[in-house]
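All values below were derived from every heavy atom in this structure, side-chain atoms included, with hydrogens, water molecules and symmetry-related copies excluded. Owing to the predicted nature of the structure, the values given are computational and were not obtained by experimental measurement. Heads up: numbering here begins at 1 and tracks the sequence.
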Amino acid sequence: MKLKRQTDIGLKVCAVILIAVTLVLSFTVSDYYIFNRVSEYGFVFVFCQWMKKAGLLLIPLAVFYNKKCCSDTAKYFLPVFVIVSCFTFGEFFNATSVTENSTPADFCFAGINEFIPKSVNIALFFISNALYLFICAGLFVRDGYKAKIKSFAYLPFAITACIPLNIFENFFDINDYSPSHFLWFRNFTVWHLLAVLILAGFTIGAYYFLKFQNENKRQDYLVATAIVLLIQYHSKDSVLLGDGYNVYSYVFSAVPLFICNIGVYVACLSVFLRKRVLYSISFFVHAVGALTVFIYFGKDEMSDYGIFCSYSILFFCLTHCLLFALCVLPTALGQYKFKIKDCIIPLVYYFVVIILATLASGLVSSFLEGYTYNGYSLSYENGDFNLPNYAFTQVNPLPVNVPVIPLKIWKWEMNLLYVALVYVAYVCLFWAFDGAYFAFLAIRKKVLAGLRAKPEPFSEPLAEAAITEDENKE
């Protein structure tokens, strides 16, 4: 028993370190850079890195939640791919955004983005591999060598859930498509409608799937979904090479002060920790944030997503579907009942977010304006960089102009009136969403009461059960 307890502690320590190391690795060249360049980096290495992503889903579930199926799969599945990756990395560590066609501005961004030395990148890569192997060995010690065949049935799902979304770009060149092409994703096109339908279908489907699971399994699925969201969310950090999500090309875009970015962490923590305050923030603030950007993606010039199957749009749809589902499902499933008083902390929370986002936007803009590398200075007026639009504090997504009340932050001038209106506008959206939720509950209760008052012979048990369930939730 003592050995098992020590092993369990060691596994948790190694898993935490592994997660920390892989997070730091995402700020180097990020191995997501290789997945749309299979011919350049070799199928074997690319496939091994993909399988290690699946390991980042299996290991936390095996170590922190004692899921035997994940333990069996990880300890027999991961080691071979980890070992092979140690000998097939090729030119991976030489990856850089600098090319023969790089502009002076590109060199400036490379000087900012590639702030982690190559030697550190190499060291972290092999440290992460060693941790994978230590954890797999620890799982053998803790759980033994026996494994159930049915455990491996979960492997295809883990691999699919962690699929690198830019891997599809091996089959087309994004530069071959223009905004006028039918496949280009824009507001109010067939692809926009498809995205909204996917959001609705995914959330409703997840609700009905989880509704018929017991409480423990339901929580396990929510935790697994949260881990997948974190893994996929951090794939965008390949942006450090100017090769990532949407139009951003510098490390500061990874600062999680975009409303849905910070929502990823809040929603995932609400599932992991099961704290009421986190549930309330997720439901009241971030569910609306994820929903509104699905309904309107912003002005075309600030939403250069490419064609519908490009990395940017796949990343956007998957992460926002997962985020919205994690924000609303705990409440929909009755794990947490949202009440009016629960609005207070989310309102204060979002006020703090807006302040931090405004300060960060001004500071980052000030830093980039005039940043000099090899004699060249960046300038926003020259189009060298896009504004860090944290929480929409700088670029208005609506086609309307707002009068300017200036607020100077370091070298950069912000519009105080616009920032205040952003806060007010989102608070109104929060209350509208909240009102729709309570209206739905009132209508639902009235319908169920009607069924109880006039039951049909075949429907009486169903009506009684529905009302009992509704009363229990309240």
Side-chain angles (χ1 to χ4, degrees), residues 187 195-196 199 203 226 229-230 232-234 236-237 239 244-248 252-271 277-299 302-303 305 312-313 315-328 338 342-365 386-398 402 414-416 418-434:
N187 281 308
V196 174
L199 173 68
T203 306
L229 174 56
L230 289 171
Q232 292 290 4
Y233 169 73
H234 281 286
K236 74 176 178 60
D237 294 341
V239 76
Y245 173 57
N246 208 0
V247 295
Y248 301 103
F252 298 109
S253 65
V255 176
L257 284 175
F258 297 91
I259 187 62
C260 290
N261 293 167
I262 193 171
V264 167
Y265 297 110
V266 173
C268 290
L269 284 174
S270 73
V271 170
V277 64
L278 295 173
Y279 279 137
S280 66
I281 292 172
S282 296
F283 184 81
F284 187 68
V285 176
H286 295 296
V288 184
L291 184 62
T292 53
V293 292
F294 250 96
I295 296 173
Y296 176 66
F297 284 78
K299 294 181 291 189
M302 64 181 288
S303 302
Y305 289 103
S312 280
I313 188 58
F315 172 89
F316 182 94
C317 287
L318 177 61
T319 55
H320 284 75
C321 278
L322 295 176
L323 173 59
F324 182 75
L326 287 176
C327 289
V328 300
F338 188 82
D342 293 334
C343 300
I344 298 173
I345 292 179
L347 287 172
V348 175
Y349 156 83
Y350 190 62
F351 181 75
V352 173
V353 168
I354 285 290
I355 292 175
L356 292 177
T358 303
L359 289 172
S361 295
L363 292 174
V364 171
S365 299
N386 297 299
L387 294 178
N389 196 28
Y390 307 131
F392 291 111
T393 51
Q394 292 211 70
V395 182
N396 186 351
L398 300 175
V402 176
M414 307 289 289
N415 186 348
L416 183 59
Y418 168 70
V419 172
L421 290 176
V422 167
Y423 177 76
V424 172
Y426 262 100
V427 167
C428 291
L429 289 173
F430 300 158
W431 282 113
F433 184 80
D434 185 54

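- In this structure, Y426 OH and I259 CD1 are separated by 7.0 Å, a value rounded to the nearest 0.5 Å.
- Under the rule for a side-chain contact (heavy atoms from CB on, under 4.5 Å), the partners of S365 that lie at least two apart in sequence or sit in another chain are L387, P388, Q394, W412.
- Every residue two or more places apart in sequence or in another chain was checked for a ring pair (Phe, Tyr, Trp, His ring centres under 6.0 Å) with Y418, and none qualifies.
- Looking at V422 and I354, their side chains come closer than 4.5 Å, going by heavy atoms from C-beta outward.
- By the side-chain contact (heavy atoms from CB on, under 4.5 Å) test, I295 pairs with L291, sequence neighbours left out.
- Evaluation of the side-chain hydrogen bond (donor to acceptor under 3.5 Å, both in side chains) rule for T358 yields no partner, not counting sequence neighbours.
- The ring pair (Phe, Tyr, Trp, His ring centres under 6.0 Å) search around Y390 returns F258, not counting sequence neighbours.
- Remark: D342 engages R276 in a salt bridge (charged side-chain N to carboxylate O under 4.0 Å, His left out) (not counting sequence neighbours).
- Every residue two or more places apart in sequence or in another chain was checked for a side-chain contact (heavy atoms from CB on, under 4.5 Å) with I344, and none qualifies.
- Scanning for side-chain hydrogen bond (donor to acceptor under 3.5 Å, both in side chains) contacts around S270 gives an empty result, with sequence neighbours left out.
- The side-chain contact (heavy atoms from CB on, under 4.5 Å) search around F351 returns I355, Y423, not counting sequence neighbours.
- F324 pairs by the ring pair (Phe, Tyr, Trp, His ring centres under 6.0 Å) definition with nothing, not counting sequence neighbours.
- For an aromatic pair to be called close, the ring centres must be under 6.0 Å apart, and F433 with F283 satisfies this.
- Ring-centre distance between F284 and Y350: not below the 6.0 Å cut-off.
- Residues W431 and C343 are in side-chain contact: their nearest non-hydrogen atoms beyond the backbone lie under 4.5 Å apart.
- When all heavy atoms of L326 and C268 are compared, the closest pair comes out as CD1-SG, 4.3 Å.
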